[in-house]
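It should be emphasised that the depicted structure is a prediction, and the values quoted were computed from it without experimental measurement.
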Amino acid sequence: MGKQPPPSTTKHSQQPSSSGNLQSFVWIASSMGGVLGNLLGGIFIGRLSPQSMFMFFSFLVALQFFVTISVRESSLGLPKNPSAGIKKQLSELSSALRKPEIAYSISWFALSYAVIPLLNGTMFFYQTQYLKIDSSVLGISKVFGQATMLLWGVIYNRYLKSVSPRKLISAIQATMALLMISDFLFVHGFYRQMGVPDTFYVVIFSGFLEVLFFFKFLPFTVLIAQLCPQGCEGSIMAFLMSAVALAFIVSGYLGVALASYVKITGSDFSGFPFGLLVQAACTLLPIFWSSCIPEYVKTKDKRKE
């Protein structure tokens, strides 16, 4: 009889896996913190001076720092690996990055951000200085955005963990481009002519688009955690975050170059709609190379690792 294919290459590997529970839990917890933080910020911003706000924030960060360093690693029950040194970690990282499914996925993910000219700062200036939208409205927009991130974590954990990572991440990328086209209509005054207030659009759609940039992180981190060898997850995630940080820097420079090219100034936003269309077109580009992301995740056999 012919040799049967291993279970990791069959469609059964698309069933929900428990390996994404930790990522989903961290996502939901951080989103809850974001909702609470933005709500408190919105309450205190009208009652405290900027100096007091910064002092209060510094106190909270310092408190978090001292609480963190006061917790001993031995109390966490983490497995000890005395042979793990920097050279070994670099060697394991290099070995993992030589795997095509890992290298191509991380490259695609970083480039999917780097190729987008980031115009968030221009949109913020347009909303606050040109449209004169109150800062409290932008605060509510932040709260709505964090609430949608919380809802996304719950929905993904319950219903979407079995969906192909390539299809899910590509769908998020396409939705980003669609909302950028919606921003184009917003700047053109299309929604205003339909009777939709600018504040309503800013709270709902702008807040959603701002956090939608990060929706890809949850399914992608679950994917990478399932792809990378056991014991190398931390190094891979650190490398991924570094690559994404570099991608955002490139994206920011491209946004400045695009704003300069379409001649956006503090008083002239006539070229802004065209810039948003260019941004939407660039957002669609990575979808054409989404084959770099695995169609489904092969279940790791920990007994062999």
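Within the 6.0 Å centre-distance limit, the rings of Tyr126 and Phe272 are counted as a close aromatic pair. Two rings, from Phe208 and Phe144, have their centers 6.0 Å or more apart.
When all heavy atoms of Leu93 and Ser235 are compared, the closest pair comes out as CD1-O, 3.9 Å. When all heavy atoms are compared, the tightest approach of Pro294 to Glu101 is CG-CB, 4.4 Å. Closest approach of Ala114 to Val250, counting heavy atoms only: O-CG1, 3.9 Å.
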Quiz item: When you look at Leu118 and Leu254, which way does the side-chain contact (heavy atoms from CB on, under 4.5 Å) test go after all the steps?
Solution: CA-CA 7 Å; Leu118 202 60; Leu254 289 178; over 6 Å; no
Exercise. Evaluate side-chain contact (heavy atoms from CB on, under 4.5 Å) for Thr128 paired with Ile133, printing each intermediate quantity in order.
Key: CA-CA 5 Å; Thr128 56; Ile133 293 178; 5.7 Å; no
Quiz item: Is there a side-chain contact (heavy atoms from CB on, under 4.5 Å) between Leu240 and Met237 once you walk through the steps?
Solution: CA-CA 5 Å; Leu240 172 64; Met237 291 301 175; 4.3 Å; yes
Practice problem: Might you work through the side-chain contact (heavy atoms from CB on, under 4.5 Å) test for Val278 and Leu258, ending with a clear yes or no? | Solution: CA-CA 9 Å; Val278 173; Leu258 177 60; 4.0 Å; yes
Practice problem: Using the side chain to side chain donor-acceptor pair (under 3.5 Å) rule, take Ser206 and Gln127 through it: C-alpha gap first, then chi angles, then the decisive distance, then the call. | Solution: CA-CA 10 Å; Ser206 292; Gln127 292 171 351; 3.2 Å; yes
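For the pair Asp198 and Val137, the minimum side-chain heavy-atom distance is 4.5 Å or more. With a 4.5 Å cut-off on side-chain heavy atoms, Leu277 and Met180 do not count as touching. Taking the side chain as every heavy atom from C-beta outward, Trp152 and Ile172 approach each other to under 4.5 Å. Considering only heavy atoms from C-beta on, Val61 stays 4.5 Å or farther from Phe65 through its side chain. Taking 4.5 Å as the limit, some side-chain heavy atom of Leu131 sits within range of a side-chain heavy atom of Arg192.
Here the straight-line distance linking atom SG of Cys228 with atom NZ of Lys99 works out to 8.5 Å at 0.5 Å rounding. The distance from the CD atom of Gln129 to the OG atom of Ser267 is 12.0 Å, given to the nearest 0.5 Å. Taking OG from Ser107 and CH2 from Trp289, the interatomic distance works out to 14.0 Å, rounded to the nearest 0.5 Å. Atom OG of Ser58 is separated from atom CE of Met53 by 11.0 Å, given to the nearest 0.5 angstrom. Ile116 CD1 to Ser251 OG: the interatomic distance, rounded to the nearest 0.5 Å, is 6.5 Å. To the nearest 0.5 Å, atom CE of residue Met123 and atom CZ of residue Phe269 are 9.5 Å apart.
Counting only distance, with no hydrogens or angles, the side chain of Ser164 and the backbone of Glu295 share a donor-acceptor pair below 3.5 Å. Not one N or O on the side chain of Ser95 forms a donor-acceptor pair closer than 3.5 Å with the backbone of Ser91. Using a distance-only test at 3.5 Å, with no hydrogens or angles considered, no donor-acceptor pair links the side chain of Trp108 to the main chain of Ile293. Formation of a donor-acceptor pair under 3.5 Å by the Gln279 side chain with backbone atoms of Pro117 is found in this model. Although no hydrogens or angles enter the test, the distance criterion places no donor-acceptor pair under 3.5 Å between the side chain of Ser170 and the main chain of Ile287. Checked by atom type and distance alone, the side chain of Ser260 never pairs as donor or acceptor with a backbone atom of Val256 at under 3.5 Å. Using a distance-only test at 3.5 Å, with no hydrogens or angles considered, a donor-acceptor pair links the side chain of Ser242 to the main chain of Ala238. For Ser105 (side chain) and Ile102 (main-chain N/O), no donor-acceptor pair under 3.5 Å exists by modelled atom type.
Leu111 and Val244 end up in different hydrophobic clusters when Ile, Leu, Val, Met, Phe, Trp and Tyr side chains are linked at under 4.5 Å. Hydrophobic clustering keeps Phe239 apart from Ile249 (ILVMFWY residues linked when any side-chain heavy atoms are closer than 4.5 Å, directly or through intermediates). Cluster annotation: Leu168 is not connected to Leu284 through the hydrophobic network of ILVMFWY side chains, with a link wherever side-chain heavy atoms come within less than 4.5 Å. Both Val196 and Phe205 are part of a single hydrophobic cluster, where members link through side-chain heavy atoms under 4.5 Å apart. The hydrophobic clustering, which links ILVMFWY residues whose side-chain heavy atoms are closer than 4.5 Å, places Phe59 and Ile69 apart.
Counting heavy atoms of neighbouring residues, nucleotides and ligands inside a 6.0 Å radius, atom OH of Tyr113 exceeds 12 of them. In Met55, the CE atom is not crowded: 12 or fewer heavy atoms of neighbouring residues, nucleotides or ligands sit closer than 6.0 Å. Annotation: Met32, atom CE; neighbour count of heavy atoms from other residues, nucleotides and ligands within 6.0 Å does not exceed 12.
With hydrogens and angles left out, the side-chain atoms of Ser291 and Tyr104 include no donor and acceptor closer than 3.5 Å.
Residues passing the side chain to side chain donor-acceptor pair (under 3.5 Å) test with Ser141: none are found, sequence neighbours excluded. Phe184 meets the ring-ring contact (aromatic ring centres under 6.0 Å, His included) test with His188; sequence neighbours excluded.
In summary, Lys263 and Asp268 do not engage in a salt bridge, as defined by a charged side-chain N under 4.0 Å from a carboxylate O.
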For residues 211-224, run the donor-acceptor check on the side chains, cut-off 3.5 Å, and write out each pair with its distance to 0.1 Å, sequence neighbours left out.
unit_1: Lys216; atom_1: NZ; unit_2: Ser112; atom_2: OG; d: 2.8
unit_1: Lys216; atom_1: NZ; unit_2: Gln173; atom_2: OE1; d: 2.7
unit_1: Thr221; atom_1: OG1; unit_2: Phe217; atom_2: O; d: 2.8
unit_1: Thr221; atom_1: OG1; unit_2: Leu218; atom_2: O; d: 3.0

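Checking each of Tyr201, Phe200, Phe186 against Tyr191 for a ring-ring contact (aromatic ring centres under 6.0 Å, His included) leaves exactly one that passes, namely Tyr201.
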